Every structure is written in structure tokens, then in C-alpha cells.
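Structure record follows, encoded as C-alpha cells.
What you see below is based on every heavy atom in this structure, not just the backbone, and it leaves out hydrogens, waters and symmetry mates. All ligand and atom numbering here is 1-based and tracks the order in the structure. Please read all numbers here as calculations on a predicted model, not as lab measurements.
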Amino acid sequence: MKLEIKNLLPTYFEEERKSTSEIWGKERSFSNGDLVNIVAPSGTGKTSLVHFLYKMRESYTGSISYDGKPLKQFSREAIAALRKDQVSIILQDMRLFEAQTILENLEIKRQLSPYHPQERIIEMARQLGVDHRLNALAQNCSYGEQQRAVIIRALLQPFDVLLMDEPFSHLDNANAKKATALILEEAARRKALVIFAELEKADHFPATHLYHL
Ligand SMILES: Nc1ncnc2c1ncn2[C@@H]1O[C@H](COP(=O)(O)OP(=O)(O)OP(=O)(O)O)[C@@H](O)[C@H]1O
């Protein structure tokens, strides 16, 4: 799948941002297998960019297209299909069902967009060191545990593109490394494009493209 951005800029940013950014105001094209690290200090628009790419917000000028089709033209049905089968996301805002267990949260997602068998949930949880929390209610889990669950949730569905906005903000370095390894394994399995927005350059992420926002 090809993701292209052209002359993109949040409507609430000054035009001059285009002259200092390697993303805003530029033309970029990404495809399957690309590992894109977007380095973005606070306030440079990391969350805005990820929200735009997932069509959660449309307050931008310029264009975003998937396989040549402008995202702004996707119907409600087309965007639902895109999110179900082609584009997965790890947001800062974790959006777990608080009164459900971690396993229930993950199983709901797995059944919605089947890709892996249920055993894979357990394996991934073990790999990230949260298997002992699978039967705990999401609301009783630490932010770090919830964040690992959110990472697993994103990896349960099929995808060609994985969008990540500060996915390791609640993890220590050792756990961030384990999570990166799992993400890379799952992305490689699908030959996916990964867009990884982070405050600083992530040494444990083998980026094929590095841009400063
Ligand atoms: N809808 C909006 N209207 C006006 N300004 C906005 C809007 N959304 C975001 N901003 C501003 O744009 C800037 C970038 O916001 P964004 O959340 O994209 O940044 P970020 O790089 O993800 O920051 P952080 O690392 O602090 O999460 C901020 O100054 C923010 O206040």
C-alpha cells in the first residue's frame, strides 16, 4: 500500500512551519516495508499528524492519499474498512474498555478483525511480560500494562500500515525494546509500512527513513 502526503499543514499552524519541517509542506511517499521514524519534539504536531493519517481529524490543508485515493474522499464505510483491514494504530490515548479484562479487550478486537488465533494473544502478552495481567480489569492495570495491551491490540488485526504516536511513553527502555521487537516481527509478517512518531530518535528502531517534524 502506498501512503502519500503532499504539502500537508495543520490549519492551526503558521505557513512558515513548512520551511523548517521535513514533513509539513513537503511531498513524501511511503510504501510497504518502509520503517519511518518521525522525530517530533512536543508541540510540533506529532499527534495531529497521526490523527490526520487515520482520518480522526481533517483540520489540515494539503493532501493525504492511500493508494492514490485522497483520504478526505473516503466514505464512512470506506474508512471503516480501511481501519479494519489495512491501517492499524497505537494512540497515546489508550481507549481500553475499563470494566473489561485485558484479555476481553484483546479478544473483542481479535474477533472484529481476525488475523491471529487466540493463542497468539497469550504469546504476545508473554513476550511483553503482561501475561500475568490478562485477567485483570483494564482499570486496575498500570499505564505501562495498559500500553502493552494497546500494542498487542494493534497487532491482532491485519494491516498494511501501522501508525504509532509515542507508543512507549509509559514503558522503560527494556520494555520498549521488547515491544519494538514484537512490532517489527508483526510488521515484517505483513510486509507493512510503519510510521513511528516519537519525541526523540529511537535507537532501538531500525528506521529506513528518518524525518524531523
Ligand atoms: N484543533 C486545534 N486547534 C488549535 N491548535 C491545536 C489544535 N490541535 C493541536 N493544536 C496545537 O498544535 C500544536 C501541536 O499539537 P499536537 O498535539 O499535534 O502536538 P504534539 O507534537 O503531539 O505534542 P505533544 O508531544 O505535546 O503531545 C500544539 O501547540 C497544540 O496546542
Fill in: Which residue and heavy atom of the protein sit nearest atom 25 (O) of ligand 1, plus the separation
Lys46 NZ, 2.8 Å
Worksheet item: Any non-hydrogen atom of Glu166 lying under 4.0 Å from ligand 1?
Response: yes
Discussion item. Is it the case that atom NZ in Lys177 sees more than 12 heavy atoms from other parts of the structure closer than 6.0 Å?
Written reply: no
Worksheet item: Between Glu4 and Arg28, does at least one N-O distance fall below 4.0 Å, as a salt bridge requires?
Response: no
Worksheet item: Relative to the heavy atoms of Arg57, which atoms of ligand 1 are at a distance of less than 4.0 Å?
Response: 8 (N)
Worksheet entry | Side-chain ion pair, Arg17 and Glu14, N-O less than 4.0 Å | no
Item to complete: Could you tell me if any non-hydrogen atom of Gly43 lies under 4.0 Å from any atom of ligand 1?
Response: yes
Fill in: Top protein contact for atom 17 (O) of ligand 1, by heavy-atom distance
Thr47 CB, 3.6 Å
Practice prompt. List every atom of ligand 1 that sits less than 4.0 Å from any heavy atom of Ser48, numbering the atoms from 1 in the order shown and giving each element.
Written response: 15 (O), 16 (P), 18 (O)
Discussion item. Tell me whether atom 14 (C) of ligand 1 lies less than 4.0 Å from at least one protein heavy-atom position.
Written reply: yes
Worksheet item: With distance as the sole test, does Glu22 use its side chain to make a donor-acceptor pair with the main-chain N or O of His212 at under 3.5 Å?
Response: yes
Discussion item. Between Glu58 and Lys55 (salt bridge meaning N to carboxylate O under 4.0 Å), is one present in this structure?
Written reply: yes
Response to the item:
Here the gap from Leu71 atom CG to Tyr60 atom OH, rounded to the nearest 0.5 Å, amounts to 5.0 Å
Item to complete: Consider every N or O of Gly45 and every N or O of ligand 1, then say whether any pair is closer than 3.5 Å.
Response: yes
Discussion item. Checking Glu104 against Arg110 for the salt bridge (Lys or Arg N to Asp or Glu O under 4.0 Å) test, could you report, in this order, the C-alpha distance in whole Å, the side-chain angles of both residues, the deciding distance, and whether it holds?
Written reply: CA-CA 10 Å; Glu104 284 164 350; Arg110 193 188 70 81; over 6 Å; no
Worksheet item: Given the protein's heavy atoms, is any one of them under 4.0 Å from atom 31 (O) of ligand 1?
Response: no
Fill in: For atom 9 (C) of ligand 1, closest protein heavy-atom neighbour
Tyr12 CE1, 3.5 Å
